[in-house]
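Heads up, the thing below is written out as structure tokens.
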There are 2 protein chains.
Amino acid sequence: MNAARQNGRPSGRVPLYRQVEAELLRRIRAGTLKPGERLPTEPELAAEWGVNRLTIRQAIGELARAGHVTVRQGSGTHVAAEQLTVEYALPTLASADADVGSATAMPIPGQEDQTETLVEVSEQDAFPAAQEALGLSEPLLRVDTLVEAGGQPLLMSSYWLHAERFPGFAGHLADRIAPLEVLREHYGVNLRHAWRALTATLASSADATLLDIVPGSPVMFREGANVDEQRVPTLYLQRRIRGDRIKFTMNYSTA
Amino acid sequence: MNAARQNGRPSGRVPLYRQVEAELLRRIRAGTLKPGERLPTEPELAAEWGVNRLTIRQAIGELARAGHVTVRQGSGTHVAAEQLTVEYALPTLASADADVGSATAMPIPGQEDQTETLVEVSEQDAFPAAQEALGLSEPLLRVDTLVEAGGQPLLMSSYWLHAERFPGFAGHLADRIAPLEVLREHYGVNLRHAWRALTATLASSADATLLDIVPGSPVMFREGANVDEQRVPTLYLQRRIRGDRIKFTMNYSTA
DNA sequence: ATGAATTTGTCCGTATGTATA
DNA sequence: CTATACATACGGACAAATTCA
């Protein structure tokens, strides 16, 4: 029983787990704990500070959500690798085609080793947001993809469209995933942006599994719709972008 | 000791606190728990499910970070009020002055009841990000402001500049807060955008206090720098925008 | 390939502090 | 001032995933 703290509350105003969190973050930033290095185990850290393991877990949980460490059961807790912040340079900001995280083939320009893989094609359930955006009450075809770079997920993308209007759409996905290209090449339909929205949310359990992050991690949530030549809403899409890996940047300096 | 679950692991594959979280969210979405309504206390919920209070707290913690409920010590846990998501319409996307969350006087166009108040003017500590952006190693003047609308915080803004270059700067803030206007009117310096960056992060304790949210809530983090006519970096700024209240939207439909 | 050891994940019980009504 | 309700913290136990001999 340390005189400096008792059950229920420490002497100071800052909770113990916040103190531990701050100290660990200090060690990471100072390089005492290097990227990739494994932290001491939770019982060891608990012994070092003379606190309960749960207190350590609270501190590490915060660090994990913020992306400073990665925690894996059975393996341990490691300092997160140097986050190569992918700079997304907006070419001019003037063209609607080149907006933030466009639905075109190259989600992140300049990142050459990126791959986009098909995760799932489904049609089962109602999805209100998509149905509202497309003005339809019927079930829609849903396509989920995952974009990775450097061996790690960058973002997950989902889009919805009316399957009956584009028969055999799913079959064309073997060649190319990008919906705009499939629609143009196989159906002669050219889509353009209707609207896009961007906000910050937290990763759900499902998001976290796919993106290989902890549930509750910050993600940029981007959604939007595209219309065809007759201005009929045809494509609704969502994108969840790892906040710890991607930073959109706009440079005006050289202009 | 329920046969359906034992210490350490429930019978199913989904953790207890996830089940509780999902069920509470279901009640909120179904309207069984209405916005503003108070949830049963943690011990009551624990008794209802026959689980430990810690399990309830884990579930509620996730809901709080996601913005579905607000938790206040001594008061209770309430279903979050209907979040009037302030849509930030980007006028054209063409002009650099009208970019996302610009540093001008009206952070959120069309939101008339918004107020920007001065929180603090300080100079004490070193701030590496600002010093690097401005290419200075000296202490900088820091100005913190808070933008509110509908009686609730929308975003917090901080900017840094070299105090010695602009003597008496802090004194001018009584009239107007926006740095670009103060610099133009009192020093004849016209700044323009050098760069802007945008990503998603989690609210720190300090952020959370000011923004009236739970630490760990999602925020859009925006930073950038402005340069003067000689292209000298003069102003560095950060902005933390509540993800639960603000959604940036871009409309191309009528163009 | 197998099994043991290691490490994190989940859950229970209890106690006390602090903010709010 | 008192009661209520959440915040923090301790201790113990077992499950599940990973690692490694």
Open item on the list: Using modelled atom types and a 3.5 Å cut-off, is there a donor and acceptor pairing between side-chain atoms of A/Arg242 and backbone atoms of A/Leu211?
Closed with: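 Yes; judged by distance alone, with no hydrogens or angles, the pair exists.
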- [ ] Give a yes or no answer on whether the side chain of A/Thr249 reaches the backbone of B/Ala197 with a donor-acceptor pair at less than 3.5 Å.
- [x]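 Side chain of A/Thr249 to backbone of B/Ala197: no pair is present.
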Listed nucleotide nearest any side-chain atom of [X], set [options]:
X	options	result
A/Val71	D/dT19, D/dC6, C/dG9	C/dG9
B/Arg57	D/dA7, C/dT8, D/dT19	D/dA7
A/Val51	C/dG17, D/dT8, D/dC10	D/dC10
A/Leu16	C/dA21, C/dC12, D/dA9	D/dA9
B/Pro43	D/dA16, D/dC6, D/dT19	D/dC6

Open item on the list: I want to confirm an ordering. Mapping A/Gln58 and B/Thr41 to their closest nucleotides on DNA chain D, which one lands closer to the 5' end?
Closed with: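 Closest to the 5' end, via its nearest nucleotide, is B/Thr41.
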Round to a whole Å and report the spacing from [atom1] of [X] to [atom2] of [N].
X	N	atom1	atom2	result
B/Gln73	C/dA21	CD	C1'	13 Å
A/Leu39	C/dT6	CG	C1'	16 Å
B/Ile56	D/dT8	CD1	C1'	18 Å
B/Asn52	D/dA9	CG	P	17 Å
A/Glu21	D/dA7	CD	C1'	16 Å
A/His78	C/dT8	NE2	C1'	12 Å
B/Leu45	D/dA5	CG	P	11 Å
A/Arg53	D/dC14	CZ	C1'	11 Å

Between [X] and [N], does any side-chain N or O lie under 4.0 Å from OP1 or OP2?
X	N	result
A/Arg38	C/dT7	yes
B/Thr55	C/dC12	yes
A/Tyr17	D/dA9	no
A/Thr77	C/dT8	yes
B/Arg72	D/dA5	no

Task: Partners meeting salt bridge (Lys or Arg N to Asp or Glu O under 4.0 Å) with B/Glu62 (sequence neighbours left out) - done: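 For B/Glu62 the salt bridge (Lys or Arg N to Asp or Glu O under 4.0 Å) partners, ignoring immediate neighbours, are B/Arg18, B/Arg65.
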- [ ] Could you tell me whether A/Glu44 and A/Arg38 have a side-chain N and a carboxylate O separated by less than 4.0 Å?
- [x]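 Salt bridge flag = no for A/Arg38 with A/Glu44.
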Task: Residues in side chain to side chain contact (heavy atoms under 4.5 Å, CB included) contact with B/Arg57, at least two apart in sequence or another chain - done: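 Side chain to side chain contact (heavy atoms under 4.5 Å, CB included) list for B/Arg57, sorted by chain: B/Glu42, B/Arg53.
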